[in-house]
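Scroll down for the structure; my scribbles are underneath it.
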Amino acid sequence: MIKKGTIYIYNSLTKKKELFNPIINNYIGMYVCGPTVYNHLHLGNYRTFIIFDIVFRYFKHLGYKIRYVRNITDVGHLENEIDYEDKIIKKSRKEGIDPMEIVNKYTISFHKFLNILNILSPNIEPTATGHIIEQIEFIKKLITNNYAYEINGSVYFDLKKYIKKYSYGILSNNKINKLLYEKENILNKEKRYPYDFCLWKKASNKHIMKWKSPWNYGFPGWHTECVTMSTKYLGGVFDIHGGGMDLKFPHHECELAQSNAFYEKISNARYWMHTNMLTINGKKMSKSLGNNLSIIDIYNDYSPNIFKLFILQHHYRSVIDFSLEKLKETKKGYIKIKNTIELINNFIPTNNKYFELNFNVYNWINKCYKSINDDFNTPMLISNIFYASNFIKLELYNINKVNFFLLKKYINYFIFDILGLSKSELTKNNLEYKKFNILVKKLILFRKEMRNKKNWIISDRLRKELCNIGVIINDEKFS
RNA sequence: GGCACUGUGGCCGAAUGGAUAAGGCAGAGGUCUGCAAAACCUUUUAAAGCGGUUCGAUUCCGCUCUGUGCCUCCA
């Protein structure tokens, strides 16, 4: 019998793996912090979106109705707290185009690579600039509830007031009085308390991206955007809130604080999930350090499936140190999986008899579900796939029809539906590829003729040329 | 300085209070072979250090050492 089992999720809020139960039976609301679109995303950024794609896919596979909201930050993400320069405006000045052109350009780039990576679209992808009114209303309520104050046209969150009733820092375990604050002296003097964070910032005359508000012409703060949009589409309390580990503090703490202050009760997500960082040479991949690689940088040698497999061979809560060497190793494993899938999907079973095999299909399926149920343990699931792969190569002929179709169905579920590898990349059935294939086949046929005539010079030359365009010929035995 | 996390074979990486510690890559031997490669078969190697709890710890606890992330901004 197939047992899909129950899901356990590591909850950053409680620091424990917990049995996952949605608030409303069979319905799930999930919010994931999306990118600030002021540049091309790098491999580390995509790691997070690959992981939450798996979460999304898995819930869908299990038959849940899930609403997945992933925002796009197109305003309000400040470069630093000193001169209040918006990342997008800075980039627009650098490229000499309008801020909204920047936003458009990098949003298109983001979507293009998500598509290349075979990442499903979320159900709602709200933008910050599309929700200015909601953010203003949100801030107004925070002021009414006495958790925010206006000063000189800007609005700040009153953290001192907040910590009288709620605890701040429960996600990160930080205590605000123990934080390092070297820049305290140069911080703006408007705030009542250095740790108060900006909800609405008054724009200077030169500032391009600004909107009318009850306080002044200005723009919303980054932390307010996410909490407004998650609330709007998922409600005050929802199931899962995700994002990169680097957002845990202060971004998510600030979201949580605003939500509690807004509803005047403990609210926002019940389960918080944080994906760990991708490092390169032991240092976090980041735009500011300049050590970032994009999909384009690896695309020629390593397909998106290989990159995904590489990411998923590590647990999402562990740091991954990226290198091309390791990607090369993954590529070899990927070829194994690819061969297995081709073998099983093209195999026609004839065996009706039952043989005693040391591979039980039901046990294997249950083990796969158990792996993914355990806090989305994709390395374990992949390990099980390799295990099945070894069996398939050796004993596919001995398996009876019933078990064969079961195995075929589920290995396809796990590889394509759940792990989200691209089927078309594995099977390559598009028209252009078919044409290319015909040409290659003709060349291979010609080479075979040359081999039959023992013309090793031409046949070896052909093998080399074909290899140069990525067609690897593995000769059969010469007879 | 505070907080969080990490240390498993040659490399990458899981699980686990007790019997053989997944899986991938690499290495070794073999099958096959015009050559090369691939594929396939077989196979070697592991728990930072010290102490504690326990009948028993890689797993739990403490300390030391190591590395990383966060405390401007970052998925």
Side-chain angles (χ1 to χ4, degrees), chain A residues 12 15 32-36 38-39 41-52 70 73 77-83 85-87 90 169 171-183 186-187 195 222 242-251 253 274-279 282-289 292 309-310 313-321 323 325-337 339 367 370-371 374 377-387 389-390 393-394 451 454-456 459-460 463-464 467 472-479:
Chain A
S12 301
K15 282 100 192 153
V32 172
C33 290
T36 304
Y38 70 103
N39 212 332
L41 273 70
H42 57 66
L43 299 179
N45 300 127
Y46 285 111
R47 177 185 187 188
T48 296
F49 304 123
I50 289 172
I51 296 303
F52 288 106
R70 187 188 60 212
T73 300
H77 206 151
L78 302 177
E79 190 76 8
N80 57 57
E81 274 209 62
I82 296 155
D83 52 18
E85 184 160 47
D86 188 291
K87 278 174 182 288
K90 190 181 177 188
L171 276 169
S172 62
N173 268 3
N174 277 323
K175 301 273 176 283
I176 36 176
N177 56 335
K178 295 221 169 149
L179 295 173
L180 196 67
Y181 232 108
E182 288 169 347
K183 289 178 181 164
I186 41 175
L187 274 171
Y195 305 98
W222 178 39
M245 200 77 100
D246 50 355
L247 299 185
K248 203 190 250 184
F249 188 90
H251 184 58
E253 298 284 13
H274 290 98
T275 55
N276 216 323
M277 297 293 102
L278 187 81
T279 64
K283 291 282 167 207
K284 179 182 168 185
M285 192 178 277
S286 77
K287 288 160 194 162
S288 49
L289 282 173
N292 51 313
L309 191 65
F310 170 75
Q313 272 187 307
H314 303 73
H315 193 267
Y316 78 87
R317 283 189 286 114
S318 306
V319 174
I320 303 180
D321 192 45
S323 76
E325 268 311 301
K326 289 174 194 163
L327 209 55
K328 203 171 166 183
E329 288 170 10
T330 304
K331 188 175 183 174
K332 293 183 182 169
Y334 171 69
I335 291 168
K336 272 195 179 176
I337 290 178
N339 290 342
K367 268 165 89 178
K370 204 177 163 198
S371 307
D374 182 17
N377 193 331
T378 54
M380 196 68 200
L381 176 58
I382 292 166
S383 162
N384 284 322
I385 287 169
F386 276 111
Y387 183 79
S389 168
N390 290 333
K393 276 184 291 198
L394 278 176
R451 284 187 81 215
K454 302 202 182 209
N455 189 335
W456 308 125
S459 69
D460 286 359
R463 181 168 62 193
K464 202 182 160 201
C467 179
I472 314 265
I473 296 178
N474 299 317
D475 283 331
E476 291 166 15
K477 297 163 206 169
F478 188 77
S479 51

Open item on the list: Is it the case that the side chain of A/Lys15 and the backbone of A/Ser12 share a donor-acceptor pair, with hydrogens and angles ignored and the cut-off at 3.5 Å?
Closed with: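 Present.
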Roughly how many Å is it from [atom1] in [X] to [atom2] in [N], rounded to a whole number?
{"X": "A/His251", "N": "B/G69", "atom1": "NE2", "atom2": "C1'", "answer": "17 Å"}
{"X": "A/Tyr387", "N": "B/G24", "atom1": "OH", "atom2": "C1'", "answer": "16 Å"}
{"X": "A/Gln313", "N": "B/C12", "atom1": "CD", "atom2": "C1'", "answer": "8 Å"}
{"X": "A/Met245", "N": "B/C70", "atom1": "CE", "atom2": "P", "answer": "11 Å"}

Are [X] and [N] close enough that a side-chain N or O sits under 4.0 Å from OP1 or OP2?
{"X": "A/Ser389", "N": "B/G24", "answer": "no"}
{"X": "A/Asn390", "N": "B/G24", "answer": "yes"}
{"X": "A/Lys284", "N": "B/C70", "answer": "yes"}

Closest to the [X] side chain: [options]?
{"X": "A/Pro379", "options": "B/G24, B/G13, B/C71", "answer": "B/G13"}
{"X": "A/Asp460", "options": "B/C35, B/C73, B/G24", "answer": "B/C35"}
{"X": "A/Asn174", "options": "B/A75, B/G2, B/C25", "answer": "B/G2"}
{"X": "A/Lys87", "options": "B/C73, B/G23, B/C25", "answer": "B/C73"}
{"X": "A/Met380", "options": "B/C25, B/A14, B/A75", "answer": "B/A14"}
{"X": "A/Lys336", "options": "B/A75, B/G24, B/A15", "answer": "B/G24"}

Open item on the list: Both conditions, 6.0 Å and 45 degrees, for the charged tip of A/Arg70 above the ring of A/Phe49: are they met here?
Closed with: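 Positive - A/Arg70 is close enough to the ring of A/Phe49 and near enough to its axis.
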Open item on the list: Taking any heavy-atom pair under 4.0 Å as a contact, classify A/Asn173: base, sugar-phosphate, or nothing.
Closed with: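 If one applies the 4.0 Å heavy-atom cut-off, A/Asn173 turns out to touch the sugar-phosphate alone, with no base involved.
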Open item on the list: Need one value for A/Gly242: base, sugar-phosphate or nothing, where a base atom within 4.0 Å counts as base even if backbone is also close, heavy atoms only.
Closed with: nothing
Taking atom [atom1] in both [N] and [M], what distance in whole Å separates the two?
{"N": "B/U53", "M": "B/C11", "atom1": "C1'", "result": "35 Å"}
{"N": "B/G17", "M": "B/A47", "atom1": "C1'", "result": "15 Å"}
{"N": "B/C5", "M": "B/A22", "atom1": "C1'", "result": "23 Å"}

- [ ] Go ahead and write out RNA chain B as dot-bracket, 5' to 3': ( ) for pairs within the strand, [ ] for ones crossing earlier pairs, | when the partner sits on another strand, dots for unpaired; Watson-Crick or G-U wobble, both distances under 3.5 Å.
- [x] (((((.(..(((.....[....))).(((((.......)))))....(((((..]....)))))).)))))....
- [ ] Ignoring hydrogens and angles, answer whether the base of B/A36 and the side-chain atoms of A/Arg463 contain a donor-acceptor pair closer than 3.5 Å.
- [x]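 Such a pair exists between side chain and base.
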